[in-house]
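Below is one structure, written out as structure tokens, with a few remarks after it.
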2 protein chains.
Amino acid sequence: MRQITLKDIASKLNISVTAVSKALKGYSDVSKSTRDSVIAMAEELHYTPNSVAVNLRTQQTKTIGIIIPSIVHQFFSKVLSGIIEEAEKKGYLVFTLQSNESIALEKKQIDLLLNKRVDGILMSLATENNDISHLQKVIDNKTPLVLFDKISKIINCSKVVIDDRESAYNAVTHLIKSGCKKISHFRGPLNPQNSIDRYLGYRKALEDNQIKYDPSLVYTCEAVTFEEGYEFAKKLYGQHKDIDGIFAVADLVAVGAIAYFNEIGVKIPNQISIIGFSNWFIGSVISPSLSTVDQPGYKMGKKALKLLFKEMNPKKKGEEFIPKTIVLPTEIIKRNSTLN
Amino acid sequence: MRQITLKDIASKLNISVTAVSKALKGYSDVSKSTRDSVIAMAEELHYTPNSVAVNLRTQQTKTIGIIIPSIVHQFFSKVLSGIIEEAEKKGYLVFTLQSNESIALEKKQIDLLLNKRVDGILMSLATENNDISHLQKVIDNKTPLVLFDKISKIINCSKVVIDDRESAYNAVTHLIKSGCKKISHFRGPLNPQNSIDRYLGYRKALEDNQIKYDPSLVYTCEAVTFEEGYEFAKKLYGQHKDIDGIFAVADLVAVGAIAYFNEIGVKIPNQISIIGFSNWFIGSVISPSLSTVDQPGYKMGKKALKLLFKEMNPKKKGEEFIPKTIVLPTEIIKRNSTLN
DNA sequence: CTGAAAGCGCTTACAG
DNA sequence: CTGAAAGCGCTTACAG
């Protein structure tokens, strides 16, 4: 079955394609009788407009692209879901791509999206990120671009982030306020800005509370996994029996640490308090439940999309657009892995 | 900056658009010198083909749509990721939509995808599923359709599933073999085929092992949550102190039950063995770790897409296509919530 | 109020 | 080997 076109309706009704198009779009310069008969016929034939043709003609696709490092990842899937729902409300559909933390893939995917003439692109960057030529390409191409969560400071475009430094600061301060004196940090990889910022927040909190920074208490995750948390906890406790607090760069890592301490019978939070980052579901169902920093993924997705839309209009008209950065607030979630 | 078109290249080179198009597509009836100069010029101008125009002309969009009940859900996000990667390899991009378990939304989303003239649709259905008119619409429209995981038996299209009945049978048999005599089932909602099938597998396993079915040991989840698992465990244990096995319709529910028993000091697996379904990450990191049925989400996504591609060719040529159902094998993952 | 015409950016059958 | 022409299905400026 070939799809029904305007032409089909026009010839059935013996009128012009122009009239059919106008009638269907509710233009005022069409007689009521024409309009009614067109609408009736369209219904009868189950006409659905071919948006490919519309896109070509109107030079916009009502489509946006999103590239995230990974889909099977609670935070990103929340962001994704926020974006998709918000887009749908405005009649936009979303192409989803995952970079698997590879810049090479990111580059290819950007080309794919540009080929598809998406009206905008949303991205959270791969970790190994020093090269931003592909992002510059998007900007040079005048396609609106918004970065979220894992961003690059050196690219001039709109961004939606949380304040990782301050959030980490608050998390560590919570540990200190609840009595911790010797606090370890299981940090993220060396490159990504947000793991750097969380580390800096950790140091600042120590400093502001007159606790001396001790590099031997800092462990660096490569993959940010449960296993790393487990291993680091083991090493840390082997060397520092008097450790009484851990701030982990991510909930998964914190959960790994909890698993180790549960195993060897170290009491959490009485002997050691642990706080994570992100507020993944898993933290709420383990025992003890995990205190953490709530990172508003769903909201971040919605905000990022709104920012993108704001950028789309000026760009279409060729006007200048000034990039904007939105910082979303976070919140400490106190559960049972920290005191009081 | 306007996008570069074939026409731009043609006029720069003083040749026809036809020649440019052919050169770029590597047609043999173009002289080497023309081809070379076209390719050089395309590169110089950073030409990227406008796929909207290509799509309109070739009547295929190299695009597929996927509708799942929820994105923030480990199983579905795995399927999604399998689909997206497989699609990308073949040069296809994927529109992702979530139905939030609403048939009304499913209907709208199908219309959106049909408007976009996607080359195929992949779906896992909303739970409240009695109405399949929208699926029939896709089929009538000759758009290839493949259902996975949450399918409808009454629609005639290709499907990728696991054998829920047999998998559940194996799970319960594992409990029995490890010594359980009084086994409860926390089942899924009454409608979806897979929760029905898992329930039937449970009954069959009891029957084959001469254990009398006792309806008072069956609890029905509405939302399939951690909380339900916790509550049901409490109720169950209140009424049946001698219960020694639980088969939960999903890992989350099983984890809720484990949390309750941990809390009141009932030993798992010694006093009560618990097995879940799906093999979510969470089951591997709680204590005791959860025995479960591995449901191959990533693989399911890949298979579903392959099936869709197989269907696309015959349909394009107007040939008949015979729907096919693929049943993927599952595997019992033995961890520490069951004996031996 | 109506419709012929141009054009969005491609591809491809056809003629030379 | 090359290019003029038609056409995919729309929208819209323009003439009547």
Over 12 non-hydrogen atoms of neighbours within 6.0 angstrom of NZ in A/Lys107: yes
Side chains of A/Thr48 and B/Arg117, donor plus acceptor under 3.5 Å: yes
Atom-to-atom span, CG of B/Leu6 to P of C/dG7 - whole angstrom: 17 Å
Distance, rounded to the nearest Å, where A/Lys116 contributes NZ and C/dG9 contributes P: 17 Å
Sugar-phosphate, base or nothing in reach of B/Val52, heavy atoms under 4.0 Å: nothing
Greater than 12 external heavy atoms within 6.0 Å of A/Lys303's NZ: no
Output a table of nitrogen or oxygen pairs between the protein and nucleotides 13-16 of chain C separated by less than 3.5 Å.
none

Separation of C/dG7 P from B/Gln3 CD (nearest whole Å): 20 Å
Contact residues, residues 107-115 of chain A to DNA chain C [heavy atom, < 4.0 Å]: none
SB check A/Lys90 A/Glu85 (cutoff 4.0 Å): no
Pair A/Lys22 + A/Asp29: basic N to acidic O under 4.0 Å: yes
Gap between atoms CD and P, on B/Gln59 and D/dA6 respectively (whole Å): 19 Å
Parallel, tilted or perpendicular: rings of A/Phe95 and B/Phe95 (30°, 60°): parallel
OP1 or OP2 of D/dC10 under 4.0 Å from side-chain N/O of A/Thr58: no
B/Glu88 side chain to A/Gln109 side chain, donor-acceptor N/O pair below 3.5 angstrom: yes
Out of C/dT12, D/dC10, C/dT2, whichever nucleotide has its closest atom nearest the side chain of A/Val30: C/dT2
Sugar-phosphate only, base, or nothing, as touched by A/Ser21 at under 4.0 Å among non-hydrogen atoms: base
Per-nucleotide pairing state of DNA chain C [Watson-Crick or G-U, under 3.5 Å; [ ] pseudoknot-crossing; | other strand]: |||.||||||||.|||
Residues A/Lys12 and A/Asp8 bridged, charged N to O under 4.0 Å: no
Shortest side-chain distance from B/Thr5, nucleotide among C/dG9, D/dT2, C/dT12: C/dG9
Nearest-Å distance for atom pair CG/C1', residues B/Leu56 and C/dC8: 9 Å
Nearest-nucleotide comparison on DNA chain D, the residue closer to the 5′ end among B/Val17 and B/Arg117: B/Val17
Whether A/Ser102 side chain and A/Asn100 backbone form a donor-acceptor pair below 3.5 Å: no
Pair A/Gln74, B/Gln74: side-chain N/O donor-acceptor within cut-off below 3.5 Å: no
Rounded interatomic separation in angstrom, taking NZ from B/Lys7 and P from C/dG7: 8 Å
Touch class at under 4.0 angstrom, heavy-atom based, for A/Ser33 against every strand present: nothing
Atom pair distance, as rounded to whole Å: CG in A/Asn55 and P in C/dC8: 16 Å
Lys/Arg N to Asp/Glu carboxylate O, B/Lys150 vs B/Glu101, below 4.0 Å: yes
Residue pair A/Ser31 / A/Thr34, side-chain donor-acceptor N/O under 3.5 Å: yes
Mutual orientation of the aromatic rings belonging to B/Phe76 and B/His73 [parallel < 30°, tilted 30-60°, perpendicular > 60°]: tilted
Separation of atom CG in B/Leu24 from atom P in C/dC10, rounded to whole Å: 9 Å
Side-chain N,O (A/Ser16) to OP1/OP2 (C/dG3) below 4.0 Å: yes
Sugar-phosphate only, base, or nothing, as touched by B/Ser51 at under 4.0 Å among non-hydrogen atoms: nothing
OP1 or OP2 of C/dC1 under 4.0 Å from side-chain N/O of A/Tyr27: no
